[in-house]
Amino acid sequence: MSLADAFTAVFVSLGAFFFFAGWVGLVRFPDALSRLHALSKADNLGLGLVVIGLLPQASWPFGTLKLIALWLVAVLVGGASAQLLAGAIHAQAAETSTGGEPGRGTEAAPGANGNDKATS
Amino acid sequence: MPDVSLPDPHWADLPLGFALLVLALWLTWTQRDRAAVIGFTGYGLLVAIAWVRLGSMDVALTEAALGGGLMGLLLLTAAARLGEETDQPAPGLPARLSIALLCLGVTLVLAAVVLGLPSPAPNLVAPVASHQAVTELGNPVAAVLIAFRAVDTMLESVVLALAVIVLWSFGADRAWGARPRALHLGPPSPALVFLGRLLPPAGLIVGVHLFWTGADHPGGPFQGGAVLAAMAALLWLARLGEPPRVSDGLTRLGIVVGPLLFLLIGLAGAVIADAFLDYPEALTKPLILLIEAAKTLSVAVALALLVAGPPELPGPMPPRQSGRAAKGVTP
């Protein structure tokens, strides 16, 4: 196993650990906002570590640049969609507790999906 | 890594297949519209990964862009418009049983057909591979779509233009010439505006790259156009721009330029080459690129307009959306 391969194995494993931690949070955390937090941490850190690990395996320069661009887009879209989902959750909570002000929840959710679509 | 024995990569397919099954069951089970639509979007992305594992990158890209992305957005706007029906009575047991039986029957027949295929399944891979060089395209899928079965592809691009016309015809007469407003879903959140400012430049490059690389690698006009359309929809959702008016001449030109150019070059082929949709040998690659570029534009415009909806949706908004009705959307 060459040095580059060892580097890849270590960093991808670290990334996988963060994804696992995110999954545990997703399953174990009590409310939607904490679960969202766990998920975005896993996305940003886990994917970042996996991308760092894969850098030595990618072709220079375009493969490397594509991997980094991929991570940047994932961070941007992941963060923004987590914000939107959190907004939707807040709006829904306000709606159910006061029983009034409909519509806000339905507004925020399409935005959240707009991001999912953009990633794909 | 020759000195480390890795497990068979096929084991990775087990959790994927399991996740697909569980998500599909949950999707049929859940009664909340919005959750189901978001789940359906995720399902589309999982299906795309399944296609990647099957080696069909082109199908995977299309599934992710259309099945997961634009379709999800369409359904989500529909769900937002309908409002969350909480007190809707569930269908009776006989109806549910018959639906379950019908779905089970379709699944079983499909499974029987797929599992009963001879191995290797009858295909035209060999003839495509032997003639692919004629088209100067490295991607066999692109060669089939744009050259060997060009007539199907042309008809598909016409269907997309027709779909926009049909959608527009749902608009009320008095709204003709107005801007579509199906994506007007209240003031956008700051995060969405931020994303709408940052993502479209990158998406523009990705969309054009998908079209350009489609000649030799997975990608093509449809996938590229879908990404471009998604960027337009994001801009409109974030209210950083407005969909064009239905009466806008440039928009209409954008819808028809792809099919029209395809048809004209095809007809010219009947004169200067040997048959309808045949390309003269010296000009094959440039003509294909020209058609695909125009088609990318038309696909992008048509898909974006399909998401944007008709100029004005007929009928009143449901009573639950009273907050929006008060803003004067409903006459």
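Just so it is clear, the values below take in all heavy atoms, side chains as well, and ignore hydrogens, waters and symmetry mates. In what follows, chains carry the letters A, B, and so on, assigned in the order in which the sequence lines appear, proteins first and then strands, with residues in each chain numbered from 1.
- Between the CG atom of A:Leu72 and the CG atom of B:Leu198 there is a distance of 10.5 Å, given to the nearest 0.5 Å.
- Heavy-atom minimum distance, A:Ala80 versus B:Ala191: O-CB, 4.0 Å.
- Residue A:Phe7 places its CZ atom among more than 12 non-hydrogen atoms of other residues, nucleotides or ligands, all under 6.0 Å distant.
- Looking at B:Leu199 and A:Val73, their side chains come closer than 4.5 Å, going by heavy atoms from C-beta outward.
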